[in-house]
2 protein chains.
Amino acid sequence: MTGKFDDAARAAWLYFVAGKTQDEIAGKMSVSRQTAQRLISLAISERLVRVTLEHPIAECMRLADDICARFGLATCDVSPSDAGSAQAGLGAIHSAARMIERWLGSDKPVVMALGTGRSMRAAVDQVAAMDCPAHRLVSLVGNISADGSASYYDVISYLAGRVKAHYYPMPLPVVARSSEERRLLTELATVRSVAALARGADVAFVGIGHVGPNAPLREDGFISAAELDDLIAGGGVGEIVGWVFDRDGKVLAGRTNARVASVHVGDLTGGARIAVATGAKKAAAIRAALAGGLVTGLVTDEATARLILGGGKRGK
Amino acid sequence: MTGKFDDAARAAWLYFVAGKTQDEIAGKMSVSRQTAQRLISLAISERLVRVTLEHPIAECMRLADDICARFGLATCDVSPSDAGSAQAGLGAIHSAARMIERWLGSDKPVVMALGTGRSMRAAVDQVAAMDCPAHRLVSLVGNISADGSASYYDVISYLAGRVKAHYYPMPLPVVARSSEERRLLTELATVRSVAALARGADVAFVGIGHVGPNAPLREDGFISAAELDDLIAGGGVGEIVGWVFDRDGKVLAGRTNARVASVHVGDLTGGARIAVATGAKKAAAIRAALAGGLVTGLVTDEATARLILGGGKRGK
DNA sequence: AATGAATATGAGCATTTGCCCTTATAAAGA
DNA sequence: TCTTTATAAGGGCAAATGCTCATATTCATT
């Protein structure tokens with residue numbers, strides 16, 4: 001008895017690689033045309049097949065090189081913008097997923113640190129199922145939201161399940177109620193060991209949030225409106241796993257930062273630190289993070305890349 | 001001015017990755033629907049997009065593992081058979097191409113040795129264009145046919161052009177007219193240095209020819225009908241770059257082998273030696289080559305794999 | 001055994017796609 | 001400048017595809 005995914009993979013193989021029509025496949029596999037179509041569509045939705053672009057689009061490459069040069073990044077991926085689509089940033093998310101897969105495909109065991117946020121969640125959704133029990137995924141940021149529930153885009157457990165890796169979540173709120181509470185929490189033995197693991201990670205993937213109207217930090221209920229205003233007044237423009245920084249990428253002293261319980265991405269030692277972020281609203285935050293050297297790599301899309309490089313003045 | 005391939009890649013990206021229809025793409029790129037279709041089709045035919053199967057098909061994996069175990073191979077790739085199709089062996093050719101790409105994608109310089117034949121030619125046809133000036137491609141076999149022309153599926157120059165690597169052809173006939181001539185030719189300085197490079201190759205890809213009715217060696221005019229009969233009488237069942245071996249994979253003494261000017265694959269030191277071969281007619285030759293340890297890896301298809309393992313008795 | 005939920009299968013139909021053929025446009029040569 | 005020729009764009013149509021709805025089947029539960 002052959003499994004369902006096996007049939008799906010076989011049908012997809014015949015369809016994409018051998019170039020058969022669904023009718024022919026149906027004939028070969030002795031099923032109806034509809035079933036063949038369903039198998040192929042299953043293979044696509046389960047990501048048993050992968051379509052990749054071999055040809056680097058010159059314009060995107062150019063933007064990526066410019067960003068690398070300007071901010072001294074180790075890696076930069078710019079994907080084509082899907083202008084005007086509902087799925088903003090889809091391209092960047094797709095290439096982030098592929099980059100994650102590449103790291104997880106490594107032979108030697110990898111410690112991968114992960115932030116949270118919508119982009120990150122969307123990216124791990126696109127990671128193909130794999131089997132990598134040797135790798136470890138570690139969270140940079142607490143998974144407890146303000147009301148005590150453990151929601152907030154649970155990136156790490158989803159990815160861990162999908163790739164069958166061990167994972168180390170952080171049983172913490174994102175922002176503690178006081179700096180004293182933060183101190184107590186981060187001194188817990190379990191938290192300390194997870195944080196230590198995170199700081200030594202081989203690679204970290206994080207989202208970047210903007211600080212301003214509709215800041216994700218506020219929208220997701222981690223800080224109050226008053227706190228957000230305070231951060232803006234203090235020069236905050238962006239945030240990574242809760243740590244707010246100004247336009248130079250310098251982490252603000254005090255304010256909510258005094259109570260953020262997550263691992264600051266700047267504290268990671270040695271490993272690659274890759275940001276995944278797109279969107280006009282985020283451009284200033286991304287530029288600041290790059291300027292401050294908070295990350296060593298960026299995955300974004302064409303439109304955002306132009307904004308980061310300075311409002312398209314370099315275009316043409 | 002953006003290049004044509006750039007547009008093709010962009011259209012293909014929108015089509016395959018972003019999931020747009022050709023109409024939407026046409027709108028976005030301000031071209032007609034037909035033009036969008038042409039761009040996508042160009043991207044496919046130029047292999048700017050690549051579809052790969054992430055999910056290993058259980059049956060193929062099982063066959064591959066069986067073959068590895070039985071013959072002590074380092075690697076074995078079995079792709080789904082496209083039974084009854086005109087394109088026999090398409091799957092194996094496709095995975096051979098991918099394997100070649102993987103080697104060429106290596107960071108450190110690679111010396112890759114190459115045989116000839118229809119399968120090899122078809123495989124390199126499918127290799128994506130790359131830019132690897134650090135790698136060296138070296139021929140195992142002469143490119144001069146019996147009548148002095150340099151045809152015979154010119155695998156190496158084609159691949160070298162496609163991936164922009166240096167290459168070292170062998171300015172030799174496949175089978176010299178006498179063993180004396182063979183000795184003279186192989187002692188030429190240029191030939192000796194190419195052969196030395198080949199013997200030290202990191203990896204070799206070769207086809208396997210059968211020896212029997214319609215043997216490729218005969219069909220391509222490298223040996224006469226009488227010589228073929230002689231080889232068959234002497235127990236020859238298969239051939240790699242012209243060196244004929246018996247059912248145990250032992251190279252025949254004398255006969256045409258005394259005049260074969262190519263580098264015997266068994267003389268390669270240390271590197272991987274991978275055969276690409278499919279088809280019922282070749283099964284015996286493949287089995288012999290594996291049994292004799294002439295190669296360390298095999299790329300074939302499901303149907304051939306079954307034959308190699310013994311007429312499908314192990315099936316189900 | 002009966003019931004109901006969940007899942008798989010099959011038919012019909014609107015969209016989408018691939019391709020042939022005609023027409024336009026551009027490059028090359030006289 | 002006027003052909004000639006090659007190359008690209010558009011129109012139209014048959015084939016292929018994706019999707020929805022109705023029906024059958026399986027499986028667990030009572």
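FYI, side chains are in, hydrogens and waters are out, and symmetry mates aren't considered; it's all heavy atoms of this structure. Order of the sequence lines fixes the chain letters, A, B, ..., with proteins taken first and strands second; residue numbering starts at 1 for each chain.
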Phosphate-side-chain proximity, S32(B) and dG10(D), N/O vs OP1/OP2 below 4.0 Å: yes
In whole angstrom, give the distance that lies between atom CD1 of I25(B) and atom P of dG18(C). 10 Å
Nearest whole Å is fine: how far is dT16(C) P from E24(B) CD? 8 Å
What distance separates T116(A) OG1 from F205(A) CZ, expressed to the nearest 0.5 Å? 15.0 Å
Dump the intermediate steps for side-chain contact (heavy atoms from CB on, under 4.5 Å) on V163(B) and H135(B), then the final yes or no. CA-CA 9 Å; V163(B) 304; H135(B) 299 328; over 6 Å; no
Before you tell me yes or no, could you show the steps for R50(A) and V51(B) under side-chain contact (heavy atoms from CB on, under 4.5 Å), namely the whole-Å CA-CA distance, both residues' side-chain angles and the distance that decides it to 0.1 Å? CA-CA 5 Å; R50(A) 154 90 11 106; V51(B) 180; over 6 Å; no
Nearest-Å distance, CZ (F16(A)) to C1' (dT17(C))? 14 Å
Looking at T35(B), does any N or O in its side chain come under 4.0 Å of the phosphate oxygens OP1/OP2 on dG10(D)? yes
Using a cut-off of strictly less than 4.0 Å, decide whether Y15(A) has a side-chain nitrogen or oxygen near OP1 or OP2 of dA16(D). no
Sugar-phosphate only, base, or nothing, as touched by Q34(A) at under 4.0 Å among non-hydrogen atoms: base
Got a sec, which residues hit salt bridge (charged side-chain N to carboxylate O under 4.0 Å, His left out) with D125(B), two or more places apart in sequence or on another chain? R121(B)
Tell me, with the steps shown, if R10(A) and E302(B) meet side-chain contact (heavy atoms from CB on, under 4.5 Å). CA-CA 12 Å; R10(A) 198 174 282 267; E302(B) 219 176 325; 3.0 Å; yes
Quickly work out the M29(A) CE to dA8(C) C1' distance and round it to whole Å. 15 Å
Whole angstrom value for the distance that separates C1' of dT9(C) from CG of D7(A): 15 Å
Select one nucleotide: of dT17(C), dA9(D), dT17(D), the one nearest the side-chain heavy atoms of Q22(A). dT17(D)
What is the distance, rounded to the nearest whole Å, between atom CG of L42(B) and atom C1' of dT17(C)? 17 Å
Q37(A) side chain near dT17(D) phosphate (N/O to OP1/OP2, under 4.0 Å): no
Starting from the C-alpha separation in whole Å, work towards a yes-or-no answer on side-chain contact (heavy atoms from CB on, under 4.5 Å) for Q126(A) and H94(A). CA-CA 7 Å; Q126(A) 302 232 3; H94(A) 188 260; 3.5 Å; yes
Determine to 10° how strongly the helix from dA1(C)-dT30(D) to dA30(C)-dT1(D) is bent, judged from the axes of its five-pair ends. 30°
Suppose we call a contact any N or O donor and acceptor under 3.5 Å apart; does that hold for the side chain of R33(A) and the base of dG18(D)? yes
Hey, are the side chains of V299(B) and T75(B) touching, using non-hydrogen atoms and a 4.5 Å cut-off? no
Please give, in whole Å, the distance from dA14(D) C1' to D23(A) CG? 14 Å
What's the NZ-C1' distance between K20(B) and dT17(C), to the nearest Å? 18 Å
